[in-house]
Amino acid sequence: MQMEWSQPQVQGDLVSPRAGHAGISFDEMWYIVGGGDNNNGCPETLALNMSKLVWSTLTTLKERHPLASEGLSICSAIIDGGKYLVAFGGYNGKYNNEVFVMKLKPRDLSHPKIFQSPAAAAAAASVTAAYALAKSEKLDFPQIIDLNFNGVENNVPKKDINLEINAIKEEKVVLESSIDEARAENSRLREKIDELKSNHTELSKELQSVQSQLISERSRCFKLEAQIAELQKMLESLESIENEVQILRRQKSALEQEMQVSSTQQQGSGGVWRWIAGGT
């Protein structure tokens with residue numbers, strides 16, 4: 001068999017990209033603490049079930065918590081039969097020297113959280129519930145105490161097995177409750193989607209009405225602009241006519257003045273001739 005890298009399909013909680021995190025494996029679980037993207041630290045403590053390839057979020061801390069740091073270190077320890085994670089150091093804007101300890105719960109080692117989205121949560125819960133149900137039904141066989149593995153007698157106490165069965169049944173109840181909640185959430189989302197579709201239809205109708213009004217107003221504006229252009233032409237022609245009228249008035253006034261002058265001259269010359277004729 002050749003040594004090659006592969007990328008398996010993983011499930012469970014969404015995991016944000018990060019670097020500078022600390023990781024350690026304990027039994028079949030791989031724990032990830034801290035890390036960041038040079039802008040923000042990652043406050044989640046993650047666990048990957050390496051046998052099932054399922055991510056779960058164990059805890060989520062506040063922002064700027066010392067554990068939401070890059071470059072911290074982590075180790076595992078067994079103290080008085082209890083399993084612990086011990087973390088130290090890291091940098092999240094300042095260097096940290098605190099020591100933090102987390103006690104691992106036995107049930108947390110094998111029970112990942114449900115998917116974050118409602119649809120994915122329902123799918124994950126149904127699959128996990130079916131697995132738990134099949135496992136519990138298998139464990140209910142009376143021959144379970146007599147199971148052998150490679151000829152070696154199984155020395156697991158019956159009391160512990162019953163506790164395991166009860167725990168699995170409790171998990172089944174929790175998962176069924178999660179499925180019901182996911183279904184209720186899906187129903188609420190469908191109602192919201194239907195309401196949004198109805199609002200979208202009404203808004204589309206209003207938009208079409210407004211667009212038709214805009215089209216009619218644009219046509220009216222075009223007509224008004226054409227009328228204004230015609231009126232401007234008429235005003236320009238009226239101005240030229242008025243100029244011609246003023247020129248004619250000036251010409252008339254000049255002619256009238258000339259006529260008055262010539263009439264006065266004619267009257268003056270006639271009087272002289274009459275004087276001359278009277279004197280003779």
Side-chain angles (χ1 to χ4, degrees), residues 7 9 11 13-19 36-44 57 60 62-64 68 92-93 114-124 179-280:
Q7 187 175 4
Q9 294 291 333
Q11 299 177 340
D13 291 344
L14 297 177
V15 178
S16 59
R18 66 195 66 197
D37 57 3
N38 289 330
N39 293 320
N40 298 300
C42 297
E44 307 92 356
T57 303
T60 300
K62 295 180 180 180
E63 295 183 357
R64 311 300 298 177
N92 61 352
I114 302 173
F115 291 83
Q116 290 182 343
S117 63
I179 293 172
D180 294 336
E181 291 178 359
R183 288 174 178 171
E185 181 67 19
N186 286 338
S187 178
R188 288 192 292 269
L189 290 174
R190 288 194 188 96
E191 291 178 356
K192 289 182 180 179
I193 291 172
D194 293 338
E195 183 179 356
L196 290 174
K197 287 182 178 178
S198 177
N199 292 336
H200 176 71
T201 302
E202 293 178 358
L203 290 174
S204 297
K205 292 180 180 179
E206 292 182 3
L207 178 61
Q208 291 177 356
S209 176
V210 172
Q211 287 177 343
S212 62
Q213 292 178 2
L214 286 173
I215 292 171
S216 62
E217 290 295 328
R218 286 175 183 173
S219 177
R220 182 181 175 186
C221 288
F222 292 151
K223 291 179 181 179
L224 290 174
E225 289 176 353
Q227 293 177 359
I228 290 171
E230 292 178 358
L231 290 173
Q232 286 178 345
K233 291 180 180 179
M234 292 176 64
L235 287 173
E236 291 175 356
S237 63
L238 288 174
E239 288 178 356
S240 62
I241 292 171
E242 185 176 358
N243 292 331
E244 292 178 358
V245 169
Q246 289 179 357
I247 292 170
L248 292 173
R249 286 176 179 173
R250 293 191 192 100
Q251 292 176 355
K252 179 182 178 183
S253 178
L255 289 173
E256 289 177 350
Q257 290 177 359
E258 291 177 357
M259 291 174 65
Q260 289 178 358
V261 170
S262 71
S263 176
T264 302
Q265 291 176 352
Q266 289 177 0
Q267 290 178 359
S269 61
V272 171
W273 287 107
R274 283 194 297 272
W275 178 76
I276 292 173
T280 58

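In this chain, residues are counted from 1 in sequence order. Only heavy atoms go into these numbers, but all of them, side chains included; no hydrogens, no water, no symmetry mates.
- The distance from atom CD of Glu244 to atom CD of Gln246, rounded to the nearest 0.5 Å, is 11.0 Å.
- Here Glu191 contributes atom CD and Glu195 contributes atom CD; the two are 9.0 Å apart, rounded to the nearest 0.5 Å.
- Formation of a donor-acceptor pair under 3.5 Å by the Ser187 side chain with backbone atoms of Arg183 is not found in this model.
- Open room surrounds CG on Asn38; 12 or fewer heavy atoms of other groups in view lie less than 6.0 Å from it.
- Separating the CG atom in Leu235 from the OG atom in Ser240 is a distance of 11.0 Å, to the nearest 0.5 Å.
- For Thr60, the side-chain hydrogen bond (donor to acceptor under 3.5 Å, both in side chains) criterion is met by no residue, not counting sequence neighbours.
- Counting only heavy atoms from C-beta outward, the side chains of Arg220 and Ser216 never approach each other to under 4.5 Å.
- The minimum heavy-atom distance between Thr57 and Asp13, with the atom names listed, is N-OD2, 2.9 Å.
- In terms of heavy atoms, Ala68 sits closest to Pro43 at CB-CA, 3.8 Å.
- The OG atom of Ser204 sits 10.5 Å away from atom CG of Asn199, with the distance rounded to the nearest 0.5 Å.
- One distance of note links CG of Leu248 with CD1 of Ile241; it measures 11.5 Å at 0.5 Å rounding.
- Every residue two or more places apart in sequence or in another chain that forms a salt bridge (Lys or Arg N to Asp or Glu O under 4.0 Å) with Arg188 is listed here: Glu185.
- The structure places CG of Leu203 at 11.5 Å from CD of Gln208, a figure rounded to the nearest 0.5 Å.
- Across all non-hydrogen atoms, the minimal contact from Glu44 to Ser16 is OE1-OG, 4.4 Å.
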